[in-house]
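Each chain gets a letter, A, B and so on, in the order its sequence line appears, and its residues count up from 1.
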Number of protein chains: 2
Amino acid sequence: MDIEQALSALNNPIRRQILEWLKDRSNFPPALPEHEDLDGVCVGYIQEKAGLSQSTISNYMGLLKKAGFVLSERHGQWTFYRRDEAGIQSFCTAFEQELLRK
Amino acid sequence: MDIEQALSALNNPIRRQILEWLKDRSNFPPALPEHEDLDGVCVGYIQEKAGLSQSTISNYMGLLKKAGFVLSERHGQWTFYRRDEAGIQSFCTAFEQELLRK
DNA sequence: CCTGTATATCGGTATATTTCGATATATGGA
DNA sequence: TCCATATATCGAAATATACCGATATACAGG
């Protein structure tokens with residue numbers, strides 16, 4: 001739980017937007033039939049929605065992952081990203097702990 | 001309450017450290033006798049503790065103020081900064097609101 | 001008004017971040 | 001094994017941030 005790394009990851013409006021989008025799978029196109037039972041959204045969908053290049057989004061997802069905000073799972077050629085609610089929660093707790101007066 | 005500006009202000013370990021130090025006046029040298037009834041800490045004390053240049057600290061305090069984390073009060077040649085607990089609280093609330101699922 | 005002290009602002013350099021296109025890697029299928 | 005697709009990584013250019021020293025401003029006391 002590196003608060004510095006976490007804040008850097010959040011200090012970008014598009015990365016924060018991605019975390020918001022991931023709250024609800026219906027922000028993205030429907031999953032392919034063979035992926036319907038999987039949690040998470042593939043990089044391509046996120047890229048399309050964000051309107052940035054593939055490499056940028058791949059990099060962003062890596063930052064969010066290292067910061068503990070998303071989990072990833074590889075299935076075939078696809079990587080599916082989803083929110084890490086426990087990681088987000090624990091960051092929030094630690095962050096408030098630091099910021100708020102006691 | 002600009003969350004972008006607030007996160008930028010917090011995205012620096014020394015600025016966060018300053019907010020922590022300001023939780024407790026005793027982190028700094030005692031106030032001059034004529035300032036004893038005043039709340040807050042003057043820029044010089046903060047600078048000395050942080051070990052950065054005067055201009056950097058003055059700039060930092062300006063960023064923290066614009067972000068709503070500190071209040072300032074001028075008395076004579078001194079500017080006294082103190083935490084804006086309400087501002088900090090309201091940032092925390094808004095931030096969690098955005099970050100946490102629902 | 002002149003001087004000294006505290007703080008703010010300016011202008012610059014070094015470093016970090018954003019973002020891209022090109023390329024590398026992984027995988028599934030013909 | 002060869003090709004197409006999805007994602008990751010690399011290298012570079014543009015922009016932002018971290019700092020500094022120099023200078024400006026604000027004020028207090030003689």
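For the segment residues 4-35 of chain A, the set of residues with a heavy atom within less than 4.0 Å of an atom of DNA chain C comprises A:Asn11, A:Asn12, A:Arg15, in numerical order.
Sequence order on DNA chain C of the closest nucleotides to A:Gly76 and A:Ser55 puts A:Ser55 first from the 5' end.
Residue contacts for A:Phe80: at a heavy-atom cut-off of 4.0 Å it reaches no nucleic acid atom on any strand shown. Residue contacts for B:Thr79: at a heavy-atom cut-off of 4.0 Å it reaches the sugar-phosphate backbone alone, with no base atom in range. B:Tyr81 comes within 4.0 angstrom of sugar-phosphate atoms only, judged by non-hydrogen atoms across all strands, and of no base. At the heavy-atom level, B:Ile57 lies nowhere under 4.0 Å from the strands shown.
Judged by distance alone, the side chain of A:Tyr45 and the main-chain N or O of A:Pro30 form a donor-acceptor pair under 3.5 Å. In this structure a side-chain-to-backbone donor-acceptor pair under 3.5 Å is present from B:Gln47 to B:Leu52. Side-chain N or O atoms of B:Lys49 include one that pairs as donor or acceptor with a backbone N or O of B:Asn27 at under 3.5 Å.
More than 12 heavy atoms of other residues, nucleotides or ligands shown are found within 6.0 angstrom of CD on A:Glu34. For NZ of A:Lys66, the number of neighbouring non-hydrogen atoms (other residues, nucleotides, ligands) closer than 6.0 Å is 12 at most.
Grouping the Ile, Leu, Val, Met, Phe, Trp and Tyr side chains by contacts below 4.5 angstrom, directly or via other members, places B:Trp78 apart from B:Leu71.
Looking at every heavy atom in both residues, A:Arg16 comes nearest to A:Leu10 through NH1-O, 2.7 Å. Residues B:Ser90 and B:Met1 share a closest heavy-atom pair of OG-SD, 3.9 Å. For the pair B:Glu96 and A:Cys92, the tightest heavy-atom approach, listed with the atom from each and the gap, is OE2-CB, 3.5 Å. A pairwise comparison of heavy atoms in A:Arg83 and B:Leu99 identifies NH2-O, 2.9 Å as the closest pair. Here the closest heavy-atom approach between residue B:Phe80 and residue B:Cys42 is recorded as CD2-N, 3.9 Å.
Between the CD atom of B:Glu73 and the C1' atom of C:dA6 there is a distance of 16 Å, given to the nearest Å. One interatomic measurement links the two molecules: CG of B:Asn59 to C1' of C:dC10, which rounds to 11 Å at whole-angstrom precision. C:dT17 atom P lies 10 Å from atom NZ of A:Lys66, rounded to whole Å. The distance between atom OH of A:Tyr60 and atom P of C:dT17, rounded to the nearest whole Å, is 12 Å. The nearest whole Å value for the distance from the CD atom in B:Gln77 to the P atom in C:dA6 is 6 Å. Straight-line distance from the CZ atom of B:Arg74 to the P atom of C:dT7: 7 Å, rounded to whole Å. One interatomic measurement links the two molecules: CE of A:Met61 to P of C:dT19, which rounds to 15 Å at whole-angstrom precision.
A:Leu100 CG to B:Gln89 CD: the interatomic distance, rounded to the nearest 0.5 Å, is 5.0 Å.
Think of the region where chain A sits on DNA chain D: with heavy atoms and a 4.0 Å cut, that region ends 5' and 3' at D:dT5 to D:dT9.
Within the helix from C:dC1-D:dG30 to C:dA30-D:dT1, the inter-axis angle between the opening and closing five-pair segments is 10°, rounded to 10°.
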